[in-house]
Amino acid sequence: MEKTYQPQSIEQPIYQRWEKSGAFSPQGSGEPFSVMIPPPNVTGTLHMGHAFQHTLMDAMIRRERMKGKRTLWQPGTDHAGIATQMVVERQLQAENLTRHDLGRENFIEKVWEWKAKSGGTISDQMRVMGDSVAWDKERFTMDPGMSAAVQEVFVRLFDEGIIYRGQRLVNWDPVLHTAISDLEVISEEENGFMWYFRYPLADDVKTAEGKDYIVVATTRPETMFGDEAVAVAPDDERYKDLVGKEIILPLANRRIPIIADDYVDKEFGTGCVKITPAHDFNDNEVGKRHNLPLTNIFTDDAAINDIAPEKYRGLDRFDARKVVVEDFEALGLLEKIDDHKLKVPRGDRGNAVIEPYLTNQWYVAVESLAQPAIKAVEDGDINFVPKQWENTYFAWMKDLQDWCISRQLWWGHQIPAWYDADGKVYVAHSEEAVREKYQLADSVVLTRDNDVLDTWFSASLWTFATQGWPEKTEDFMLFSESDVLVTGFDIIFFWVARMIMMTLKFTDNIPFKTIYITGLIRDERGDKMSKSKGNVIDPLDLINGIDLDSLVAKRTSGMMQPRLAEKVAKATRDTYPDGIQAYGTDALRFTLCSLASGGRDIKFDLNRLEGYRNFCNKIWNATRYVLMNTEEFDCGQNGGDYELSVADRWIISKLQKTEVAVNQAFETHRYDLAAQALYEFMWHEYCDWYLELSKPVLWDENSTDKQLLGTRRTLVRVLEAFLRLAHPMMPFLTEEIWQKVAPMAAIKAADDEQTIMLASYPEADVEKMDETAEADIEWIKSVIEGIRNIRGEMNIAPSKALPILLRNGSEQDYVRLQDNKVFLQKLAKLEAIQWLAQGESAPMSATALVGEMEVLVPMAGLIDKEAEIGRLQKELDKALKDLQRIEGKLGNEGFIAKAPEAVVAKEKEKLADLTSIVAKLKEQKDSIEAL
RNA sequence: AGGACUAUAGCUCAGUUGGUUAGAGCGCCACCUUGACAUGGUGGAGGUCAGCAGUUCGAAUCUGCUUAGUCCUACCA
């Protein structure tokens, strides 16, 4: 073995072996366990969120697979309507073409070409992550099976009246020319203006103040062509008399009424609101209440249409805004302009300002679907982890809007609806099916709806459509009710809720039993990672490493503003002055597991990753030690008599406890605790103590064959079990080592290939827990640590062998000493150990206490008197502080009376111990001072 | 505006149903290249658990308020 752990040389060859072996696909006939991957966007690349979620999914799947379950981790990607269409359109743009130049059919062909060539990026990256997904079952939301399921669902929902077509305001992206759902609109505060316009009153009416106009405030002057009323609050004294009167809409020279509506807040602005029912969601509601006409003033590009006076026609909305304001000013109707912060809605893909726009769209009426979906979570059929996310889910579900599912794109599932010449709509799987279903004559000309479905529509069918639905296939029966969904909170609405609704509707079953919501990985400063901020960390760079210049180049590429690029470059150089080292997949995975504590936000800390890379190296080197001492020898593979030392029994006992802790942590989705238990065991028990305790046995010429066999056997077997225990989190390293260690531990996997993936997952054996051995080792550790403390504090060279004396020990101490002398001598580097009988005198010494027993290190020539007094004083102060606290507690009558007996007894015991410690320390200090 | 969450060592975070001497990793200080490992070993320093009040024999843990920060939802034209 190499002297240090080199991840890059072991990982990918192992993955290739795994994938070839077929072990990723469901095995055997055990109980099914399935996890459906949240299908990543086919245009996407692996980001930290994926790496995090995939690591957890893979850890679960690997563990269940090792436990003998018939596991399926279903992979696949989603077709990402807008994103994919944009990618391909951008390619066309480079050739000065638009999709319209190609036509729909040719364009879609182009998209498929792109997918074949570039759509596999994320799959390749998943292989680097070690994801044990069933590649032979990989699905794509546009593949034939999924498409058939989508059609089936659409037709059924339409026939039931749950899907309908309606004309209403939608969020319109005037650049991408499509409707988007309200979830895809991001409203952020931006700086803008508030314009105050005078709207002249008609028929010589005057306000209470005697003015012949009223003033409305607006952030969107260009929409004034669509104004159908001016609203005031019903109880607003200022305008009470004007309700029912009319104003003359300037520029358009139309008469519109003044109405009273509760929607108006009389404290805000002037108390007068212009109402534009076709271009504002709130105004639309007001318009409905007052039967106002819907006057659309925009084209699909959000330019002014022919409703407006000629001068404004064809002007883009923002140009129109300028002209309108100028014209108001020219007419003397501009009262004032204030700076104003407002929320501007933008599309999450193209970033264009979204327009509320009147169009015909397809909707899903969600109410009947929502009820069972709420109930499934209320009844506990579906559980959120952490539980608090239920609230988020309920809050949204109970205030659900109908879901706009049509998109004016070319890439996606085209809606299976046809229209006749009169615009009557027919829905079925194909034109042929339509004619049959609705008994239409061949002479009736039908044209298909151009729109496609929202990508999330197909994604919502993921758990069952991937398993063969609507056929009741074996896969469908076994796996479609999956066990755990792992995802981020940002798509609870987009995906999780919709998946629950659709799955309950069409399979009468839940899509998953548990929803594990992960935290969001942020950068080292706690900022959300985003390309535009240039603070993205690519998980592959953590695995493979990247030099500083490449990292800077990567982060600043494609940045529009050079100034921003400069800032990003500087921040990157400050944070990663040496670039990023290659830490390997296992270290990254273990780090991610250790961060999975249920918190909402996770700051990614490179130091943590480095620490766990070092942990990998620790495991690697522990293995080297084990192999060096066992490879050439009998380790009990074929039986043979052996004898276990106290250290052997201790580490075996600790292993059982670790197995309990790790399994429990997995069951409760506390991957951080599992990681911590593994780390603690391997580093601080196995390496720090057990390996050291094995040396005196292995290197002692007087050790018997039975003792040697016992220790070698334990060394190998405990390591082997640890590897299986850790495998779900660090698959590559454990496989690599296991190949060498398992045969020596006489452990075999369930398959011919002999991969740790199919070896059994360790379960604790209560019989092997050994409290006596643990107490004995605790005693040994206390003695050694006492001596090491004196060495450390007194600056005694580690190479200097010390004589020690033991005083005031009990019979048990004596027995323990006799049994473990060698361990003490070796690990504390002792030259001699002398047991003092009661009353026997000792030379002046530094003291450590192990219970009642005093461990004495003679000071002669080694230890400075003052230093030892100082050290004792420090210990004394600490003990006295504790003593005081406990005395206070026990002096409290309420405590004695009301606390449980066990607690009181424990405090009393502590008091006794501390009293004795204090007395001994004092005595020791006094006698040294008396010198 | 409503709701949720967070606040523990210099940094990143654990801390189960209230009973601790409040832990870990990284960082820091001192010593050490001994035959698994300097991606290491040994020892050590470091915390009024955001603040205030309350419940309790007992609070990092439960309740209320305050402060600071984050997020979500709804938004004022």
Side-chain angles (χ1 to χ4, degrees), chain A residues 1 3-5 187 194 216-220 223 231 263-265 267-276 280 282-283 340 342-343 388-389 391-392 395-396 399 489-490 492-493 520 522 524 526 528 581 583 587 594-595 597-629 664 668 670 672-673 676 679-680 683-684 687-688 691-692 695 699 785 788-799 829 874 878-879 881-882 885-886 889 892-900 902-904 906-907 910 914:
Chain A
M1 285 173 82
K3 199 178 167 189
T4 53
Y5 162 65
S187 289
M194 180 81 88
V216 298
T218 181
T219 55
R220 306 210 45 201
T223 63
Y263 162 68
V264 180
D265 173 2
E267 308 297 325
F268 189 88
T270 61
C272 299
V273 186
K274 67 193 234 9
I275 300 297
T276 320
D280 181 284
N282 288 310
D283 290 7
H340 184 66
L342 73 164
K343 296 259 182 149
Q388 70 218 24
W389 288 109
N391 296 332
T392 309
W396 191 69
D399 184 30
F489 60 83
D490 45 337
I492 289 180
F493 307 141
L520 183 72
R522 296 165 173 278
E524 59 288 336
K528 203 164 163 173
Q581 287 182 57
Y583 294 100
S594 77
L595 296 173
S597 66
R600 275 176 89 124
D601 294 307
I602 295 161
K603 283 193 225 177
F604 192 80
D605 180 3
L606 208 59
N607 291 321
R608 203 89 188 249
L609 180 60
E610 187 174 339
Y612 291 123
R613 191 275 316 268
N614 295 351
F615 179 51
C616 291
N617 184 60
K618 193 73 180 176
I619 298 170
W620 185 263
N621 274 288
T623 305
R624 286 182 63 217
Y625 167 81
V626 170
L627 292 179
M628 282 166 72
N629 287 287
Q664 201 192 342
T668 52
R670 284 299 304 270
D672 61 325
L673 297 181
Q676 200 182 21
Y679 187 98
E680 172 70 20
W683 202 311
H684 296 306
C687 290
D688 283 355
L691 294 189
E692 295 307 318
K695 288 174 185 175
W699 297 349
E785 279 166 350
R788 282 179 181 169
N789 174 270
I790 293 170
R791 262 187 203 280
E793 295 277 289
M794 299 304 150
N795 262 327
I796 301 171
S799 52
K829 182 105 180 156
K874 202 169 75 179
K878 216 162 77 181
K881 219 177 97 190
D882 289 348
R885 209 178 28 99
I886 289 170
K889 237 180 184 179
N892 182 337
E893 277 174 39
F895 178 71
I896 303 290
K898 294 192 181 172
V903 174
V904 177
K906 205 169 139 195
E907 292 300 315
K910 272 194 230 163
L914 277 170

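Just so it is clear: chains get the letters A, B, ... in the order the sequence lines come, proteins before strands, and each one is counted from 1.
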Base, sugar-phosphate, or nothing: which does [X] touch, judged by heavy atoms less than 4.0 Å apart?
X	answer
A:K603	sugar-phosphate
A:N607	sugar-phosphate
A:F615	nothing
A:L691	base
A:W389	nothing
A:K695	base
A:A897	nothing
A:T4	base
A:C616	nothing
A:K528	nothing

- Task: Decide whether a cation-pi geometry holds between A:K618 and A:Y679; the criteria are a distance under 6.0 Å from NZ or CZ to the six-membered ring centre and an angle within 45° of the ring axis.
- Result: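 Judged by the rule, A:K618 and A:Y679 form no cation-pi pair.
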Please tell me which of the listed nucleotides, [options], lies nearest to the side chain of [X]?
X	options	value
A:K898	B:U56, B:C31, B:A77	B:U56
A:R670	B:G19, B:A14, B:A45	B:A14
A:N617	B:A36, B:G19, B:U39	B:U39
A:R600	B:G19, B:A24, B:C5	B:C5
A:M194	B:G35, B:A77, B:G43	B:A77
A:H684	B:G25, B:G41, B:C57	B:G25
A:Q676	B:A36, B:U12, B:A24	B:A24
A:N892	B:A14, B:C57, B:A36	B:C57

- Query: What base-paired stems does RNA chain B take part in, with at least 3 consecutive Watson-Crick or G-U wobble pairs and both distances under 3.5 Å?
  - Reply: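 In RNA chain B, stems of three or more pairs: B:1-7 with B:67-73, B:10-13 with B:23-26, B:28-32 with B:40-44, B:50-54 with B:62-66.
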Show the distances under 3.5 angstrom between N or O atoms of the protein and N or O atoms of nucleotides 6-9 of chain B.
none

- May I ask you to say whether A:E785 pairs ionically with A:R788, meaning some side-chain N is under 4.0 Å from a carboxylate O?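 No, A:E785 and A:R788 are not salt-bridged.
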When the distance from [atom1] of [X] to [atom2] of [N] is rounded to whole Å, what number comes out?
X	N	atom1	atom2	answer
A:F895	B:A59	CZ	C1'	14 Å
A:N789	B:U42	CG	C1'	11 Å
A:N795	B:G43	CG	P	14 Å
A:K906	B:C57	NZ	C1'	16 Å
A:R788	B:G43	CZ	P	5 Å
A:E785	B:G41	CD	C1'	14 Å
A:R624	B:U39	CZ	C1'	13 Å
A:K3	B:U39	NZ	P	10 Å

Compare side-chain N and O positions of [X] against OP1 and OP2 of [N] and report whether any pair is under 4.0 Å apart.
X	N	answer
A:K910	B:G19	no
A:K618	B:G41	yes
A:S597	B:A14	yes
A:N614	B:G40	yes
A:W396	B:A4	no
A:K874	B:G44	no

- Message: Taking donor-acceptor contacts at under 3.5 Å, does the side chain of A:E692 reach the base of B:A36?
- Response: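 By the distance-only test, yes, there is a pair.
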- Query: Does the B:U39 base have a donor-acceptor partner in the side chain of A:R613 within less than 3.5 Å?
  - Reply: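 Side chain to base: pair found, below 3.5 Å.
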- Query: Should A:R600 and A:W389 count as side-chain neighbours, where that means a heavy-atom distance under 4.5 Å?
  - Reply: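 They are in contact (side-chain heavy atoms under 4.5 Å apart), so the answer is yes.
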- Query: Are any non-hydrogen side-chain atoms of A:F895 and A:V904 less than 4.5 angstrom apart?
  - Reply: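 Result yes, sub-4.5 Å side-chain heavy-atom pair found.
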Distance-only donor-acceptor hits, side chain of residues 605-615 of chain A, under 3.5 Å, sequence neighbours excluded:
{"unit_1": "A:D605", "atom_1": "OD1", "unit_2": "A:N607", "atom_2": "N", "d": "3.0"}
{"unit_1": "A:R613", "atom_1": "NH1", "unit_2": "A:Q581", "atom_2": "OE1", "d": "3.3"}

- Query: Should we count CD of A:Q664 as having more than 12 external heavy atoms under 6.0 Å?
  - Reply: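 Open: at most 12 neighbouring heavy atoms sit under 6.0 Å from CD of A:Q664.
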